[in-house]
Amino acid sequence: MEFFLQQTVNGLTLGSVYALIALGYSMVYGILKLLNFAHGEVYMFGAFAGYGVLTILGGSSALVVPVWLAIMLMFGAAMIVSAAIGVALERFAYRPLRNSTRIAPLISAIGASFFLQAAALLMFTANSRSYNTPSLIAIETGIPLGPIRVWMVRVLVIVTAFVLMILLTLWVNRSRTGKAVRAVSFDREAAAMMGIDVDKVIVVTFLIGSALAGIGGVMVGLVFGRIFHLMGFVAGLKAFTAAVVGGIGSIPGAMLGGLLIGFAEAYTTGYISSTFQNLIVFGLLIVVLLVRPSGLLGRPELVKV
Amino acid sequence: MSQIGVDQWVEQSDERRQDYQGWTAPARRLFDKLAPGGRLALFLLVAAAYPFFVRGSDVRVGITILLLAMVALGLNVVVGWAGLLDLGYVAFYGFGAYFYAIVASNQLPAHWPTWIAIPVIVAASALLGALLSLPSRRLVGDYLAIMTLFFAQVFVELVRNFERLPFVSDDLNLTGGPNGIPGVFPWELFGFSFNTFHRNYYLALAFVGLLIIGLHNLNDSRTGRAWRALREDTLAAEHMTTPVNRLKMLAFAVGAGIAGLTGTLFAAVQVGVFPNNFNLFFLITMYAAVILGGSGSIPGVVLGAIAIAYTPELLRDPGKAGWLFYIGLVVLLVVVVRRWERIAATVGGVIVFGFIVRVVASGIWDEATMGEANDTFISRLIDDWVLVLGAQSDVITNYAFVLAVVGMLTVVVASGWWKIAALIPTIYLAVLVWENKLAFQPSITRQLLFGGVLVVMMAVRPQGLLGTKRVEII
Amino acid sequence: MKPILELRGLSKSFGGLKVIEDLDLVVGAGQIVHDDDPVVSQKDVVDDLDLSISPGEIVSVIGPNGAGKTTLFNLITGIYEPDRGDILMDGRSIVGLSPEQIANLGVARTFQTLRLFLNMTVKENVMAAAYGDSQARIWQSVFRTPAARREERQIAEMAERKLAFFGKRLMGYRWDQPAYSLSYANRRRLEIARAMATNPRLLMLDEPAAGMNPAETHEITELIGELRDEVGFSILVIEHDMHVVEGISDRVIALDHGVKIAEGSFEDVATSPQVIEAYLGYGAADRK
Amino acid sequence: MSSDQSLLSLTDVNTYYGQIHILQGISMEIKAGELVCLLGGNASGKSTTLKTILGIVQPRSGTVTFDGVDVTNKSTSFRIGNGMAIVPENRRLFAPMTVLENLEMGAYLRSDNFEEDLNDVYELFPLLAERRHQLAGTLSGGEQQMVAMGRALMSKPKLLLMDEPSMGLAPILVEQSFEIIQRVHRAGVSILVVEQNANMALSIADHGYVLATGRIVLADRAEALSQHEDLKKAYLGR
């Protein structure tokens, strides 16, 4: 029971991070029908931006500001850096190709992902960095949950992720721009006929999706400590899996998918073996794609003949 | 009445295509004059002579180029002809390499003769390719890409983690795990061992030649046409009696077979296989080769492979790399600015800008110019102009790099004199980053270059260097 | 004569649209009929359609936008499966076969939206349609065996013959041009040539004269007649241009909302009150 | 605004798709307060005319003037901001969004008097007020037509463009649809109806134009046009 609860909390933590990254994939796919392969790198830069702020503030053991402020600033920096990269990607790697062949934006995305990875390698070297969370947030603090204690940092991650997801849902459902995002996703031409500035809406989508990924990056740094220049690739793949499992293009789908993948991974690691972890996740994706190609909450795409 | 319906537009478009334009025109016209057979003969002649004119270690570079050409030719079948975006292709290459390494090393007590091993491995790779094509019946485009990418990941996971097969005797070590399999034997045919670089070079060259001929023939056959038809319009192809699923499977199988074959050769030449040989990096290298040269065009793919595989060799020697960088910079300047008076203004601006920065920087901070210049001709020449940092060089070049990238992007969107204004600091920063960092990091530079090339290529010339322009209705 | 193609009670609707339209508002406010996705379903339907085509006959299908004409083509060629009813080719049901199998049985079609293999040459477009009629295995092609060469030559000659059918339009230097460089009218011709190359007995043309000028339209009208007379195809045509329909048809069928509202000679159909109503609106036929 | 002031005028417009000459010298005019219908059979160029008016397609020659401004080279959003609104063919509602949200999208460019405009639309279509929280995709055809009209009206347009409002609707709904158009017209909006269903359109229009193969073949007052024998010829070619 204790062990099961522990794994559940692990899964919830991991799942909420995957969900945050998956949202960016899903939103961009919904609006552009484009797989933003470089999204994992956006997330990786977010993690490094958070690390940069932490270093400027004196490092985890010698902070010059209160812990809560430091974490806020880290999230803020990650959001700004990731959003800037995301918007630049849209403007320079994808927008020129909007009327091009189907394969071109995909190749461009792979190229951009590769470029960003190399840039990170150049700037941060191949060494991994550590957030050193235990000295940032005392490891003993935690919330009792039945027989186990849930670390503060995990609580922070889970709560933040859920707050963000609720905020995003509200934004998409309530705000004028959020509604425009949905309108453009469903029918770009009809949206243009309403006078909606489609370009602007697309930029906003990239901005928000990337900022969420940036926050996800800092969260991973806080929970797992280690960040490195290749972290974006595998996390990106898993977040993408989450988006597809949930139904790509669907925002609740991305959240659901993220949590599912998180749980799958945690339970596999806990009860079978960590070697199988990635294989199980990929297997899950393949099964979902074969059985329900449009994902759990997705709608099938129509092809006009 | 005979004039009606005769369509001027086509006439004009015919005139338009009569001649190539720009500075590449003479070379392209000459290229067109050569029949395919002539082109191949010329290529083989030059390639066969190559080992006689270079140092022994450079023959290895030649093998790398030829192996990339082989595997890229196979990829071209799947991506360029059949239009199936297969991101798992690198796994077939790895499969062939690992299979050969297992049956031709001391890993297992099994040493198959080459003439048995190779056909078996090629057939097994093709079969694996055909199996992977099964999901492609239901998946199109992006989904197929992602599914195959996962396949590639699964392959690497498997070889890295499953050195021992589950439920089998514990002594059996199949893949060597993260350590790979060392000591792979060379090919041996008719008592002749391909145990030197020279021998392997000619073996690979023979394969490239045969592949070019075979694929050229295949492209001009009913199968090749059907592949291209299903790339162009799967639904229409199906209505024109093409069994779409079977042809997709065939394309995957042919591509995978070629990749498997190349893998065996690779394992033998490298005298070992390691999981990292078959990662995403190599996948992107193959794609870069196919796309740079021109997806769908056999000469294009070969040219792309040469360019992509030779770049790291150029970058490895700082002297050559410097020339490459500065020539690239000048070409970029000419392409971006175009008008000579503005080019002159830019160059002047960069020079003045550099001296100002140097004066200001050394005025406030001694370390700014304390670094040692690279020991190459160009670096010594500009040592008194560009900042060569002593201390803190990592931090400052990082900022300079970010600013240079931002500057590049600004140049893309700016116009007129604003473009020049953005270009001047950008060029200076690029030189600064190069002299302080990039010149010593050939592998990172190469990665930046590949990524950048893919993005720029898609925006500027999606058909590649030798590919023909494509039209797609969306 | 035994019909080459016969449709019996063929029905297809998308997402239960008909239910909604019938019940709508007639039932009154508050009665909501749900549906999976009516927005996409407000397209064509085909409802209980009977039709037969004899060998060598030219049948035209007319009707206003959204009448279900292209859906009918998609049903026959196997893109959609019918909800109810049967499609018989030479008395054998072809329901459930794939488009490729149906094409191999001798049904060829063109597309309203023009679906050429744009980046292949004109000649290759036609040659590609010979896949089902050729045998060369992949290894024979790789090694260019004599048998493969012979077959290649035959396919090329066949393609040239089909292209020659259109006079000078698609001949000579145009063989080696990519299909995207062709004019609109020539693309329509090439689509017909490509369909002919599958060696069909029933040729289905979806708006062959769309986008053509009057002279080209006249030419295509004559050509469709020649196709039947010289090559012996049975032809099913969807066409909007009534001059073309009048010029070619042995029989005309008018559809509206997926239902056959008239059948017979052009004269009969064009003067049928239901057809006039379908085109001009309700009450049009009463007015004179 | 006097009633003979020209709201929209097309002068000798020629539009091409690639090399196909679609519109061949179209000239037409809509005066403020008028209800004009543009008729034509399949593939006569109706939709292209509409796209040219909206600026989705640029004419190769000729001018489009709207509300005294030459908009020939202006963007679609400029024209919509200046008082055009469209009910697209097949309605094109945002199916996964509620009725209210669809209406909000119609008012995207002007949110000043949102509540007031919304009430006006609800007054015109009381049913929409009832269904405002229902997903647009789950509505029936006739209700969707109302949402599409309401959505377009939310921008307080000077000119409402309607693309084939009868398309895909059952007879009884067609009649209803045209009643709605009349209601909107009586509320003071100038309307251009592009239709295949000539009789119905002419019964409510002030003025009519008939297109055939990219040319205007007939133009007259609606009553006169509905009596015209050539009308049938334009559709059925005889």
Side-chain angles (χ1 to χ4, degrees), chain A residues 29 33-35 37-38 84 88-89 91-97 99-119 121-126 230 233-234 237 240-241 244 248 273-279 281-283 285-286 289-290 293-294 301 303 305, chain B residues 79 83 85 87 135 138-143 145-147 149-151 153-154 157-158 161-162 235 280-281 283-284 287-288 291 295 394 397-398 401-402 405-406 408-409 412-413 433 437-438 441 443-460 462 470-472 474:
Chain A
Y29 190 88
K33 305 287 169 275
L34 161 82
L35 287 186
F37 257 106
L89 277 174
R91 176 64 188 80
F92 295 100
Y94 305 142
R95 195 183 297 180
L97 305 177
N99 293 319
S100 145
T101 54
R102 198 168 40 74
I103 211 169
L106 206 59
I107 301 283
S108 187
I110 293 173
S113 149
F114 216 53
F115 182 88
L116 287 172
Q117 244 178 50
L121 182 59
L122 182 76
M123 298 199 302
F124 315 131
T125 72
L230 288 176
F233 177 63
V234 173
L237 273 189
F240 174 78
T241 310
V244 172
I248 197 156
S273 148
S274 62
T275 344
F276 287 97
Q277 178 192 310
N278 288 346
L279 288 175
V281 171
F282 299 151
L285 172 91
I286 290 173
L289 275 184
L290 290 179
S294 45
E301 217 172 299
V303 183
V305 186
Chain B
V79 177
L85 198 55
L87 295 182
R138 290 188 62 180
L139 303 175
V140 286
D142 300 347
Y143 283 96
I146 210 72
M147 167 83 95
L149 180 62
F150 280 109
F151 173 73
Q153 281 305 108
V154 167
E157 290 274 332
L158 281 175
N161 294 322
F162 288 72
L235 187 95
L280 191 72
F281 184 86
L283 179 74
I284 306 246
Y287 266 90
I291 286 160
S295 167
D394 272 347
T397 43
N398 279 356
F401 173 73
V402 172
V405 172
V406 171
M408 280 291 174
L409 300 181
V412 174
V413 284
V433 174
K437 201 160 191 175
L438 280 180
Q441 307 259 31
S443 69
I444 299 181
T445 309
R446 174 170 62 147
Q447 201 177 337
L448 282 172
L449 202 66
F450 285 5
V453 161
L454 287 184
V455 175
V456 173
M457 205 76 186
M458 283 302 111
V460 178
R470 282 213 193 145
V471 174
E472 188 175 330
I474 21 177

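Every heavy atom of this structure was used, including side-chain atoms; hydrogens, water molecules and symmetry mates were not.
Between chain B and the residues A/Ala112, A/Ala104, A/Ser113, A/Pro105, the most heavy-atom pairs under 4.5 angstrom are made by A/Ala104. Per-residue heavy-atom pair counts under 4.5 Å with chain B were compared for A/Leu237, A/Ile110, A/Val234, and the maximum is reached by A/Leu237. Options B/Val413, B/Val405, B/Thr445, B/Val402 differ in how many heavy-atom pairs under 4.5 Å they form with chain A, and the most are formed by B/Val413. When each of B/Ile284, B/Val406, B/Val433 is checked for heavy-atom pairs under 4.5 Å with chain A, B/Ile284 comes out on top. Note: A/Ala118 leads A/Gly283, A/Ala84, A/Ala118 in heavy-atom pairs under 4.5 Å with chain B.
For chain B, the nearby part of A/Phe240 is the side chain; its heavy atoms alone come within less than 4.5 Å. For B/Leu149, the part sitting under 4.5 Å from any heavy atom of chain A is the side chain, from C-beta outward, and nothing else. Both the backbone and the side chain of B/Leu448 come within contact range of chain A, judged by heavy atoms closer than 4.5 Å. Proximity to chain A (any heavy atom under 4.5 Å) is restricted, for B/Val412, to the side chain, taken from C-beta onward. Looking at B/Val79, only its side chain comes within 4.5 Å of chain A, counting heavy atoms on both sides. For A/Ile107, the parts sitting under 4.5 Å from any heavy atom of chain B are the backbone and the side chain alike. For B/Phe281, the parts lying under 4.5 angstrom from a heavy atom of chain A are both the backbone and the side chain. In this structure, chain B has a heavy atom under 4.5 Å from the side chain of A/Val244, while its backbone stays farther away.
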Requested in this report: Dump the intermediate steps for side-chain contact (heavy atoms from CB on, under 4.5 Å) on B/Gln441 and A/Leu121, then the final yes or no.
Outcome: CA-CA 10 Å; B/Gln441 307 259 31; A/Leu121 182 59; over 6 Å; no
Report task. Could you check B/Val453 against A/Phe114 for side-chain contact (heavy atoms from CB on, under 4.5 Å), going step by step and ending with a plain yes or no? Result -> CA-CA 10 Å; B/Val453 161; A/Phe114 216 53; over 6 Å; no
**Report entry** side-chain contact (heavy atoms from CB on, under 4.5 Å) evaluation trace for A/Leu122 with B/Thr397
**Finding:** CA-CA 10 Å; A/Leu122 182 76; B/Thr397 43; over 6 Å; no
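For the atom pair CG of A/Leu230 and CG of B/Leu280, the computed distance is 9.5 Å after rounding to the nearest 0.5 Å.
Among all heavy-atom pairs drawn from A/Gln117 and B/Gln447, the shortest one is OE1-NE2, 3.6 Å. Closest approach of A/Gly111 and B/Val455 over heavy atoms only: C-CG2, 3.8 Å.
Taking the six-membered ring where tryptophan is involved, the planes of A/Phe115 and B/Phe401 are essentially parallel, since the angle between them stays under 30° and well short of 60°.
Within the 4.5 Å cutoff, the side chain of B/Asp394 has no heavy atoms near those of the A/Thr125 side chain.
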